[in-house]
Amino acid sequence: MSAARINILVLGSGAREHALAWKIAQSPRCEQVFLHPGNAGTMRAGFKKLEMDGENVDELIKSAEQKNIELVVIGPEVLLAKGYADRLREADLKVVGPNQYSAQLESSKVFAKRFMAQAGVATATYQMAASESELTSVLDLRREYPVVLKLDGLAAGKGVVIAQSREEATAFAKRIWLEKEFGPLPQRLIVEDCLKGRELSHIGLCDGRTFIPLASATDYKRIFDRGKGSNTGGMGAVSPSLAESAELMKVISKEVVEKCLLQFQKQKIDYRGVLYIGLMISPEGKPFVLEFNVRFGDPETQAILLRLESDFVEMLEHTAQATLTSCPKPRWTQDSSVYVVGAAEGYPEKPKVGDPISDLAADTGTQIFFAGVSEKNGELVTSGGRVLGVGALGNNIEQARKRAYSRLDKINWRAKQFRTDIGHLEPTG
Ligand code: AMP
Ligand code: GLY
């Protein structure tokens with residue numbers, strides 16, 4: 001890699017993107033990091049917003065050229081599904097994010113299932129239904145509940161239902177095909193076996209031939225302690241994962257990662273970005289793939305990047321240029337990290353926004369990553385469900401927990417809510 005410094009752009013507006021920009025800015029390879037759109041908090045933290053005349057990829061390319069941006073990291077899956085990576089690469093930018101074709105691994109469950117079958121990786125047995133009557137025929141053959149129903153397309157985390165009974169399955173079908181809650185297009189549904197075991201995510205940088213695992217992490221998906229209440233975008237994360245074992249990682253590498261890489265090569269799939277593999281580990285220790293994501297996990301990334309000691313930009317450039325085989329092995333601090341999300345009242349159903357956020361005074365040893373915040377009369381106010389998160393390192397999880405929580409306790413907004421058990425061993429959820 002040449003030593004010249006470069007300008008780098010991160011696309012997205014959440015805490016994940018704040019963490020990406022924060023780590024990128026520490027690299028000796030980074031001249032300046034821009035975000036688009038970022039949020040009021042990232043701007044307060046000193047990151048520039050890339051200004052654009054309109055919200056489309058042509059304007060993005062124009063602005064990126066004006067600012068001499070060389071490397072773009074794409075955060076949200078929606079942009080990848082729209083083909084932003086393809087267009088940016090055509091404009092000679094280096095991009096971390098897979099092309100539109102391979103982004104279907106996340107944006108189409110049917111595509112992902114076919115890929116898994118071709119690659120020979122273990123996953124739940126499934127059938128497909130494209131209408132209420134097809135679903136009826138599929139359910140006629142099902143003897144056991146629960147079953148898992150997955151809408152084919154992107155649904156912002158609302159497309160998966162674990163139906164405990166036939167009635168619950170048909171109720172979801174009504175929302176799809178009768179009430180058209182997920183849009184007017186013909187909708188396809190995957191109906192699959194409900195797997196038992198414990199969940200684990202395996203996240204890495206991938207260039208189609210090489211996969212470099214990032215540090216492991218566990219996320220906490222439910223709104224309340226002990227995995228109770230509604231599913232959320234994620235209420236916190238810890239790294240390393242509480243479920244990590246070297247033996248299991250070896251099995252995942254051989255049984256899942258290597259098979260995916262082989263399939264990429266067989267199909268000549270150009271995959272340059274993050275591959276996030278969501279797994280269920282059976283009680284016998286066998287990994288089954290639940291899903292692929294084609295982007296950095298949120299909030300896992302915040303916990304993971306707190307532990308990274310290597311040059312992140314070098315890793316990103318190797319990904320973008322498909323040279324990961326010559327990327328030095330990343331170094332991670334032995335310390336543990338804990339990242340706790342603070343959310344607005346009413347999250348995830350109906351977050352109340354517009355409340356002033358106070359007591360953000362700087363503090364060493366912890367890191368705030370902003371998400372749903374905007375500025376009003378010179379003051380930061382809440383503007384989304386997940387408002388911000390606080391991350392901290394510690395010699396062990398307990399120390400990291402204490403640090404992160406003592407900082408989050410001091411930050412105030414009306415009816416702030418957070419889980420108190422991030423970093424506790426059991427149960428996660
Ligand atoms: P997905 O978006 O496919 O990962 O599904 C979201 C969540 O639903 C997963 O994180 C699991 O908690 C659960 N899930 C998905 N598929 C299955 C399955 N086949 N068996 C059990 N749980 C599942
Ligand atoms: N934390 C799960 C995700 O990013 O999809």
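All of these numbers come straight from a predicted model, not from anything done at the bench. Counting starts at 1 for both ligands and their atoms, following the listed order.
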Practice task
Taking all heavy atoms of Val57 and all of Tyr84, pick out the closest pair and write down the distance.
Solution key: N-OH, 3.7 Å
Exercise for the section: Would you name the heavy atoms of His36 and Leu9 that are closest together and state the gap between them? Expected result: N-CD1, 3.9 Å
Which ligand 1 atoms does [X] reach within 4.0 Å, using its non-hydrogen atoms?
{"X": "Glu192", "answer": "16 (N), 17 (C), 18 (C), 19 (N)"}
{"X": "Lys150", "answer": "3 (O), 15 (C), 16 (N)"}
{"X": "Asp193", "answer": "18 (C), 19 (N), 20 (N)"}
{"X": "Lys221", "answer": "10 (O)"}
{"X": "Val148", "answer": "16 (N), 17 (C), 18 (C), 19 (N), 20 (N)"}

Practice task
May I ask whether Gly278 has any heavy atom positioned less than 4.0 angstrom from an atom of ligand 1?
Solution key: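 Per 4.0 Å heavy-atom rule, Gly278 does not contact ligand 1.
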For ligand 1, is any non-hydrogen atom under 4.0 Å from [X]'s backbone (N, CA, C, O), its side chain (CB onward), both, or neither?
{"X": "Val160", "result": "side chain"}
{"X": "Lys196", "result": "neither"}
{"X": "Leu290", "result": "both"}

Can a salt bridge be assigned to the pair [X] and [Y] using a cut-off of 4.0 Å between side-chain N and carboxylate O?
{"X": "Glu291", "Y": "Lys150", "answer": "no"}
{"X": "Arg331", "Y": "Asp311", "answer": "no"}
{"X": "Asp421", "Y": "Arg401", "answer": "no"}

Practice task
Please state whether the rings of Phe370 and His18 are parallel, tilted or perpendicular, taking 30° and 60° as the class boundaries.
Solution key: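 Ring orientation, 0 to 90° scale: parallel.
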Under 4.0 Å to a heavy atom of [X] - the qualifying atoms of ligand 2, by number:
{"X": "Asp219", "answer": "1 (N), 2 (C)"}
{"X": "Gly297", "answer": "4 (O)"}
{"X": "Asn293", "answer": "5 (O)"}

Kindly say whether [Y] contributes a backbone atom to a donor-acceptor pair with the side chain of [X] at under 3.5 angstrom?
{"X": "Ser310", "Y": "Phe312", "value": "no"}
{"X": "Arg188", "Y": "Met128", "value": "no"}
{"X": "Asn7", "Y": "Gln32", "value": "yes"}

Exercise for the section: Could you check Val33, Val10, Ile24 and say which one makes a side-chain contact (heavy atoms from CB on, under 4.5 Å) with Phe47? Expected result: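 Going through the options one by one, the only one that passes is Val33.
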Name the closest protein heavy atom to [atom], giving the residue it belongs to and the distance to 0.1 Å.
{"atom": "atom 2 (C) of ligand 2", "result": "Tyr276 OH, 3.3 Å"}
{"atom": "atom 5 (O) of ligand 2", "result": "Arg295 NH2, 2.8 Å"}
{"atom": "atom 11 (C) of ligand 1", "result": "Glu199 OE2, 3.2 Å"}

Problem - Centroid-centroid distance, Tyr339 to Tyr220, less than 6.0 Å - result: no
Exercise for the section: Run the ring-centre check on Tyr347 versus Phe418 and record whether the distance is less than 6.0 Å. Expected result: no
Problem - Under 3.5 Å: N/O of Met280 near N/O of ligand 1 - result: no
Practice task
Determine, using heavy atoms of Arg16 and all atoms of ligand 2, whether some pair is separated by less than 4.0 Å.
Solution key: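 Outside the 4.0 Å threshold, so no.
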Problem - Region of Lys221 that comes within reach of ligand 2 [heavy atoms, distance under 4.0 Å] - result: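 The answer is neither.
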Problem - Is_contact(atom 7 (C) of ligand 1), protein non-hydrogen, under 4.0 Å - result: no
